[in-house]
Visitor: 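Structure incoming, see below.
Values below: all heavy atoms of this structure, side chains included; hydrogens, waters and symmetry mates excluded.
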Amino acid sequence: MQTGELEHYVRKRLRHSLSGTIWSMLLRDGYVDDVLAGAEEPDWLVEQGRMILDSRAPVETPAESADERGPSVGQERAWALSQLVAHHAAVDPIVVAFRTKHLPDGLIPRTEVERWIQGHVESEGERASDITFTIPEGITHDWTGPTVTFNPPIAEITGSVSFSGRVIAYALPGDTAVRRCFVKADGVLDQLSKLGETLADALGWQPVQATVFILTGVTPMISIVRVSSPAFKVRHNVDLDWARRIKLDIDPAATPQEVLHAFEQARSEHTSVKRRSMTPKHLRLAAFACAQHSDKPWAERHRLWNEQFPEWSYPEQSNFRRDATHARYRLLYPSHR
């Protein structure tokens, strides 16, 4: 199954208005690579997409561009800094070299970014996979320029092998989510993606901002506080909702009010579910019944609980079991209803 066919299959199965956004996240996190490499089935990829939807995580939105007309109130410093940084990036020798070679007619309008990228996707051909593996014992290698020679030659690989595809991130005017597509190794888009990532890392941009800047010259707005949060976390097909964290990347010049505002906004977007604090009784109940004594029958757990916590005793075992399982669920899956 080729990339386009797999994307069509996943989006058709998800049947959701955010299916394009979910596909971008699946590309970003390497799940699509696992299927294309044959390690997983297409239906497994659909299930990963459903888990992202069920997590109700905020959509990965592209950062703003600096308004050409000037800063809004409270954004004066960030806007002025963004202008200076973009001016510096425009004369970066690698940026200049890329633009000279691949944009001979000059920068393109922002509305043409999709057409330019998809045109190169079609002309450069299907993606190629990067493979990571451990060289078996007794095998030597000689690295001459871009060529690696193994002695004796490696006919097959056993053990840990991973596949990954190269991806570029971009956005169009008005987009509420980051777009992504596979690119061919060492092609023009791969060069653009790598350049964008190095610029973003050096200058405090998002990679999607850097991609658009290189092609269009649109000035990326630097965030005083950048917020990131994983869409979902899974281990052995178990949703680790409790392990998701909000991360703040803070400019040292940010004011406490700016940091607090960014955190409160991120927390409100982290989940659409209103979280209520759990009482000490129910927190203790979740740990007692569902961890410390989970190996015992419910009747025994009920007896031990009433014996150890008479002030929180339950006359009925059914109520004890109901409250314990509900408390466990609320603690482990705070984003779920």
Visitor: Salt bridge or not between Asp43 and Arg13? Use side-chain N to carboxylate O under 4.0 Å.
Guide: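 Judged by the 4.0 Å cut-off on N to carboxylate O distance, Asp43 and Arg13 do form a salt bridge.
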
Visitor: Evaluate side-chain hydrogen bond (donor to acceptor under 3.5 Å, both in side chains) for Tyr314 paired with Asn306, printing each intermediate quantity in order.
Guide: CA-CA 7 Å; Tyr314 283 86; Asn306 286 346; over 6 Å; no

Visitor: Would you kindly say whether Thr21 and Arg179 are connected by a side-chain donor-acceptor distance under 3.5 Å?
Guide: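 The answer is no; no qualifying pair exists.
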
Visitor: Would you say Pro136 and Ile154 make side-chain contact, with heavy atoms under 4.5 Å?
Guide: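 Yes. Closest side-chain heavy atoms under 4.5 Å.
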
Visitor: Answer whether the closest heavy-atom distance between the side chains of Glu40 and Tyr31 falls below 4.5 Å.
Guide: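 Counting from C-beta outward, Glu40 and Tyr31 never come under 4.5 Å.
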
Visitor: Are the side chains of Trp116 and Val188 in touch, meaning some heavy atoms are under 4.5 Å apart?
Guide: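 Side-chain contact under 4.5 Å: yes.
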
Visitor: Take Arg166 and Asp186 through the test salt bridge (charged side-chain N to carboxylate O under 4.0 Å, His left out) and record every step on the way to the result.
Guide: CA-CA 10 Å; Arg166 304 187 187 189; Asp186 300 324; 3.8 Å; yes

Visitor: Is any side-chain heavy atom of Ile214 closer than 4.5 Å to one of Leu199?
Guide: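 Yes, side chains in contact.
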
Visitor: Out of curiosity, does Ile117 fall in the hydrophobic cluster containing Val95 (side-chain heavy atoms, cut-off under 4.5 Å, transitive links)?
Guide: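 Yes: a chain of side-chain contacts under 4.5 Å links Val95 to Ile117.
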
Visitor: Taking Ala78's backbone N and O only, do any of them form a donor-acceptor pair with Ser82's side chain (distance below 3.5 Å, no angle check)?
Guide: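 The answer is yes, because a donor-acceptor pair under 3.5 Å joins these two groups.
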
Visitor: Do Gln75 and Ile224 come close enough that some side-chain heavy atom pair is under 4.5 Å?
Guide: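 No - every pair of side-chain heavy atoms lies 4.5 Å or more apart.
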
Visitor: Is the shortest heavy-atom distance from the side chain of Leu331 to the side chain of Met278 under 4.5 Å?
Guide: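 Yes, their side chains come closer than 4.5 Å.
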
Visitor: Any sub-3.5 Å donor-acceptor pair from Glu76's side-chain atoms to Gly74's backbone N or O?
Guide: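 Yes; at least one donor-acceptor contact below 3.5 Å.
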
Visitor: In this structure, would Phe213 and Leu192 fall into the same cluster of hydrophobic residues linked by side-chain contacts under 4.5 Å?
Guide: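 Looking at the clustering, Leu192 is in the same group as Phe213.
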
Visitor: Within the 4.5 Å heavy-atom criterion, are Gln308 and Arg284 side-chain neighbours or not?
Guide: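 Sidechains of Arg284 and Gln308: in contact.
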
Visitor: Given the side-chain rings of Trp298 and His302, with only the six-membered ring counted for Trp, is the space between their centroids under 6.0 Å?
Guide: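 Trp298 vs His302: aromatic centres not under 6.0 Å.
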
Visitor: Tell me whether Val167 shares a hydrophobic cluster with Leu45, the cluster being built from Ile, Leu, Val, Met, Phe, Trp, Tyr side chains joined at under 4.5 Å.
Guide: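 Yes, Val167 connects to Leu45 through the hydrophobic network.
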
Visitor: Do any N or O atoms from the side chain of Arg301 and from the backbone of Lys296 form a donor-acceptor pair under 3.5 angstrom?
Guide: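 A pair under 3.5 Å: yes.
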
Visitor: Using a distance-only test with no angle check, is there a side-chain donor-acceptor pair under 3.5 angstrom linking Tyr170 and Glu114?
Guide: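 The criterion, which ignores hydrogens and geometry beyond distance, is satisfied for Glu114 and Tyr170.
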
Visitor: Would you indicate whether the side-chain heavy atoms of Asn151 and Asp142 approach each other to under 4.5 Å?
Guide: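 No, side chains not in contact.
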
Visitor: How long is the straight-line distance from CD of Gln2 back to CG of Leu6, given to the nearest 0.5 Å?
Guide: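 Here the rounded value is 10.0 Å.
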
